[in-house]
Amino acid sequence: SSALYVRLCRELWLGGVAVRAAFRDWEPRENVEAATRFVRRWNRVLPRRVIAELADDVIVPRLASAIEKWQPTSDPVPIDRWLHPWLPLL
């Protein structure tokens, strides 16, 4: 059933080594391309609910923290360079 597949994806993929390795040291301002590529690739095969959990549990909190720390007058990296690539994925 689809509920079983979602559970399997949630437990094995979302809680698995690949996701932990991809996002363990992820810094939203520095690793935008690698992280968005990872999500785009998996977005094609995983249930939307699993990708949404990844966004809710990992991506959005990290982005929110980076937004809070961002200093528009002194930061050399404009916010649109690291935030905008996520908009179509979230």
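All residue numbers in this chain count up from 1 along the given sequence.
- Side-chain heavy-atom separations under 4.5 angstrom define the hydrophobic clusters, and the remaining members of the one that includes Leu8 are Leu12.
- Across all their heavy atoms, Cys9 and Pro47 have their closest contact at SG-CD, 3.8 Å.
- Summarising the geometry, atom CG belonging to Asp25 is positioned 10.5 Å from atom CD belonging to Glu27; distances are rounded to the nearest 0.5 Å.
- Applying the salt bridge (Lys or Arg N to Asp or Glu O under 4.0 Å) definition to pairs two or more places apart or across chains, those involving residues 40-58 are Arg10-Glu53, Glu33-Arg40.
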Go through Val58 and Leu14 one step at a time and tell me if the side chain to side chain contact (heavy atoms under 4.5 Å, CB included) criterion holds. CA-CA 10 Å; Val58 178; Leu14 194 56; 5.9 Å; no
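- Using the six-membered ring where Trp is involved, Phe38 and Trp13 have ring planes that are parallel, under 30° apart on the 30 and 60° scheme.
- Residues Leu46 and Val60 share a single hydrophobic cluster, defined by chaining ILVMFWY side chains whose heavy atoms lie under 4.5 Å apart.
- Under the 3.5 Å distance criterion, the side-chain polar atoms of Arg62 are matched with a main-chain donor or acceptor of Trp26.
- Among residues two or more places apart in sequence or in another chain, the side-chain hydrogen bond (donor to acceptor under 3.5 Å, both in side chains) test is passed with Glu30 by none.
- Rounding to the nearest 0.5 angstrom, the gap separating the CH2 atom in Trp82 from the CG atom in Leu63 is 6.5 Å.
- Considering every non-hydrogen atom in both Val6 and Val50, the closest pair reads O-CG2, 4.0 Å.
- Residues passing the side-chain contact (heavy atoms from CB on, under 4.5 Å) test with Val39 are Phe23, Ile51, Leu54, Ile59, Trp86, Leu89, sequence neighbours excluded.
- Residue pairs meeting the salt bridge (Lys or Arg N to Asp or Glu O under 4.0 Å) criterion with at least one partner in residues 69-78, sequence neighbours excluded, are Arg29-Asp75.
- Side chain of Trp70 to main chain of Val77: a donor-acceptor pair is present (N/O by atom type, distance under 3.5 Å, no hydrogens or angles).
- Residues passing the side-chain contact (heavy atoms from CB on, under 4.5 Å) test with Pro85, sequence neighbours excluded: Val32, Thr36.
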